[in-house]
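Along the sequence shown, residues carry numbers from 1.
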Amino acid sequence: MDQAAMPVVGKIKAKTYLSIPARATMTQEKENQSGKPEDIADEFFDERDGLEHEDGRSDGLEPGTNPDAEAMVVSLKKTTHGGEDCAEVYAHGEAHPEDGTEKTQQTVLLARVTETALTMFPRVSASYRPAFLTPKYDKLTTITILAEEDEPWWLPENIREFDAMLESLPTGFGRHAKYGLGFKWEYRLIPHAILEMHGITELVIEPGNGASADLPKFKLGIDRFSAIKRSIDSITTRSRAQSLRERQLLAFNELLHVADPVQFERRFPKVKPGAIYELVKLGGRVQNRSADDRLAAATVICDDAAKIAAEQPSQLVELKAVIEQVTLKELIAKIEDMLGKNLSESKWQAFFKANPFVLGLAFPHPVIMIQDQAHVGGTMLHGAGESIVDFLFAQRFTGSLALIEIKRPSTKLIEAKTFRGDLHAPHKDLTSAMAQVLDQRFQLLNNFAAKSHDPALKDTHVSAVHCIVIAGTAPDTIQKKRSLDLFRHSSRDVVVITFDELLDKLREILRLMTAGAPGPAPTPAPPQDDSDLF
């Protein structure tokens with residue numbers, strides 16, 4: 001349909017443009033002076049090479065499309081709506097009706113301008129698309145830009161004047177009615193995000209910096225809209241520059257480095273300060289990190305530990321507490337899992353060797369592990385001897401030696417049958433283990449003079465050798481528990497500790513640590529960067 005033939009009624013009011021678009025135009029001028037990709041330090045790079053330039057199309061059509069094919073026939077007429085003068089823009093063409101039948105000639109409302117508001121009903125403009133003339137943003141069918149009280153919209157007389165009015169809209173909106181109105185292609189993420197809130201059918205652009213929902217409307221301040229748009233532009237610019245860098249690095253490494261690796265060392269991408277902060281800030285708390293990501297993060301912490309201690313000591317203390325708690329939780333979970341299996345003594349010995357901290361809980365004082373599988377007979381701890389102790393410890397401050405013999409959690413501690421009243425005798429497995437560690441102490445005492453030159457035994461002595469047996473689990477009845485306590489507390493030379501008692505000590509330590517854990521530390525201030533407002 002020839003738009004010149006369409007009816008035009010009414011008279012243009014001599015009104016100035018709305019102040020909101022005026023502010024947006026000023027914002028656009030500022031944006032045109034900034035937003036350049038950051039300089040590439042390496043002289044090999046030139047940021048002007050390989051960057052895609054804007055094609056000048058003010059409507060930001062989808063890349064790769066033909067503007068002529070995307071255009072549709074539009075017309076304007078002057079009328080009234082709700083008793084108020086207005087100008088209405090219509091789109092025309094053959095399209096499928098909502099019931100899906102064959103195409104018919106249709107005329108649909110595309111926009112309405114009154115003195116108080118410019119309301120758009122964005123439509124798919126390409127006639128070759130199956131969705132031709134349907135709402136461009138699905139259920140978000142309406143976009144309204146409010147006028148300020150003292151600066152109303154003026155009513156255009158024809159499509160040319162309507163398109164001229166679109167030029168005064170905030171940057172980010174389409175500039176030609178024939179392309180269906182709404183947002184430019186690169187800002188389609190704004191309505192897509194709003195659509196995640198169910199029940200929204202209209203977006204209202206109003207003065208201010210707010211963002212709120214009043215179903216079925218979503219109200220967005222013009223200042224916030226402009227800030228979002230600038231941030232999207234900045235991200236796009238940075239991604240283009242980053243893409244150029246990566247392509248140039250690839251070309252260099254795959255050509256010059258491969259041809260002459262001595263003269264042309266492999267080049268690696270540069271990470272700007274604040275990149276890790278941005279990843280953490282944008283990623284949220286739940287992230288799908290790989291094992292390599294976690295290892296890299298740990299490496300960064302190790303490398304920067306001294307700087308963190310100087311700049312953010314509280315953060316380092318909190319990190320230390322978190323690591324200790326996580327480590328303790330892992331130990332507890334590991335022991336619980338192992339207790340559920342019928343593992344051999346050697347498996348438990350390997351676990352305690354890797355985690356001597358757990359064995360340290362068996363002592364009332366700080367200790368250090370000297371050696372596992374230590375030969376207490378003969379002349380050297382590593383040499384052949386008549387007796388081998390599972391673990392040899394020493395009191396950290398006095399040097400007094402201690403012996404630990406490890407048995408299995410399934411080791412029986414108490415006889416099943418009573419022999420007098422409700423009293424249970426100690427099981428032979430327990431008494432055998434106690435006799436074994438006492439014999440090891442005897443061997444150590446007899447041979448210590450010959451072993452004293454061993455470097456591992458420097459500053460140690462055998463004046464009061466402590467003997468410990470770790471075996472079994474706590475009995476299941478109070479009578480058996482009482483019988484076990486009567487027996488083991490009567491022994492002055494050997495301490496008997498069950499596996500579940502060690503586990504419970506770990507749980508208690510974790511409880512105390514978490515009970516006094518500080519709240520979340522405040523997020524550190526981000527690096528100074530004015531490229532984005534969000």
Between Arg267 and Gln248, is there a donor-acceptor pair closer than 3.5 Å when you use the side chain of the first and the backbone of the second?
-> no
How long is the span from the CD1 atom in Ile145 to the OG1 atom in Thr119, to the nearest 0.5 Å?
-> 9.0 Å
Student check: side-chain heavy atoms of Leu146 and Ile205 closer than 4.5 Å = no
Looking at the rings of Phe173 and Phe225, which for Trp means the six-membered one, are their centres under 6.0 Å apart?
-> yes
Considering non-hydrogen atoms only, spot the tightest contact between Lys103 and Glu94 and give its length.
-> CD-O, 4.0 Å
Checking Met120, Met72, Lys178 against Leu110 for side-chain contact (heavy atoms from CB on, under 4.5 Å), the one that qualifies is Met72
Flag the pair Lys341 and Glu336 as a salt bridge only when some basic side-chain nitrogen lies within less than 4.0 angstrom of an acidic carboxylate oxygen.
-> no
Any Ile335 side-chain heavy atom under 4.5 Å of Leu339 side chain = yes
For Asn355 and Val358, indicate whether the former's side chain and the latter's backbone hold a donor-acceptor pair under 3.5 Å.
-> no
Determine, stepwise, if the pair Arg175 / Leu169 fulfils side chain to side chain contact (heavy atoms under 4.5 Å, CB included).
-> CA-CA 8 Å; Arg175 302 305 196 203; Leu169 289 179; 3.3 Å; yes
Inter-residue atom distance Phe499.CZ - Met338.CE, 0.5 Å rounding = 8.0 Å
Is Ile143 close to Pro122 at the side-chain level, that is, under 4.5 Å between some pair of heavy atoms?
-> yes
To the nearest 0.5 Å, how far apart are CG in Leu203 and CD1 in Ile190?
-> 8.5 Å
Chi angles and distances behind the side chain to side chain contact (heavy atoms under 4.5 Å, CB included) call for Tyr90, Val74 | CA-CA 5 Å; Tyr90 291 88; Val74 292; over 6 Å; no
State plainly whether the residues Lys219 and Glu206 are in salt-bridge range, i.e. N to O under 4.0 Å.
-> no
Does a donor on one side chain and an acceptor on the other come within less than 3.5 Å for Thr236 and Arg240?
-> no
In terms of heavy-atom contacts, Leu140 and Pro191 come closest through CD2-CB, 3.6 Å
Between Ala95 and Gln106 the two heavy atoms that sit nearest each other are O-NE2, 2.8 Å
Taking atom types as modelled, is there a side-chain donor on Ser75 or His92 under 3.5 Å from an acceptor on the other?
-> yes
Check whether any side-chain heavy atom of Phe121 lies under 4.5 Å from a side-chain heavy atom of Thr144, and answer yes or no.
-> no
Does the Asn209 side chain pair with the main chain of Arg224, one donor and one acceptor, at a distance under 3.5 Å?
-> yes
Which atom pair, heavy atoms only, marks the closest approach of Ala213 to Met197?
-> CB-SD, 3.4 Å
Strictly by modelled atom types, are Glu70 and Tyr128 linked by a side-chain donor-acceptor pair under 3.5 Å?
-> yes
Any Lys/Arg nitrogen of Arg511 or Glu508 sitting under 4.0 Å from an Asp/Glu carboxylate oxygen of the other?
-> yes
Which is it for Leu502 and Leu506 under the side chain to side chain contact (heavy atoms under 4.5 Å, CB included) test, yes or no, and what are the steps along the way?
-> CA-CA 7 Å; Leu502 276 182; Leu506 289 173; 6.0 Å; no
Does NE2 in His81 sit with more than 12 non-hydrogen atoms of other residues, nucleotides or ligands closer than 6.0 Å?
-> no
Can you measure from NE2 (His257) to CZ (Arg266) and round to the nearest 0.5 angstrom?
-> 4.5 Å
Heavy-atom closest contact (Gly93 atom, Gln105 atom, distance) | N-NE2, 3.4 Å
Steps toward side-chain hydrogen bond (donor to acceptor under 3.5 Å, both in side chains) verdict (Arg230, Ser226) = CA-CA 6 Å; Arg230 288 196 302 271; Ser226 298; 4.9 Å; no
Checking Asp500 side chain against Ala474 main chain: does a donor-acceptor pair fall under 3.5 Å?
-> yes
Close side-chain approach of Leu195 and Lys139, heavy atoms under 4.5 Å = yes
Pairs under 3.5 angstrom only: tabulate donor-acceptor contacts from the side chains of residues 258-265 to other protein residues two or more places apart or in another chain.
residue : atom : partner : partner atom : Å
Asp260  : OD1  : Val262  : N            : 3.4
Asp260  : OD1  : Gln263  : N            : 3.3

Hey, does Tyr137 have a side-chain heavy atom less than 4.5 Å from the side chain of Thr201?
-> no
Gap between atom CD of Glu161 and atom CG of Asn158 - 0.5 Å precision = 4.5 Å
Nearest-0.5 Å distance, CZ of residue Phe351 to NZ of residue Lys334 | 7.5 Å
Could you tell me whether the side chains of Ser234 and Arg238 share a donor-acceptor contact shorter than 3.5 Å?
-> yes
Identified side-chain contact (heavy atoms from CB on, under 4.5 Å) partner of Asp85 from the options Val113, Thr79, Thr114, Thr80 = Thr80
Which atom pair, heavy atoms only, marks the closest approach of Ala87 to Pro156?
-> CB-O, 3.8 Å
Taking the side chain as every heavy atom from C-beta outward, state whether Glu115 and Trp153 have any atom pair closer than 4.5 Å.
-> no
Are the side chain of Arg396 and the backbone of Ile368 linked by a donor-acceptor contact shorter than 3.5 Å?
-> no
Is there side-chain contact between Arg123 and Leu181, with heavy atoms separated by less than 4.5 Å?
-> no
Val124/Leu133 under side chain to side chain contact (heavy atoms under 4.5 Å, CB included): CA gap, chis, key distance, verdict = CA-CA 5 Å; Val124 177; Leu133 292 186; over 6 Å; no
Compute both the distance and the angle, then confirm whether Arg188 meets the cation-pi test with Phe183: under 6.0 Å from the six-membered ring centre, within 45 degrees of the axis.
-> no
Checking Lys505 side chain against Leu361 main chain: does a donor-acceptor pair fall under 3.5 Å?
-> yes
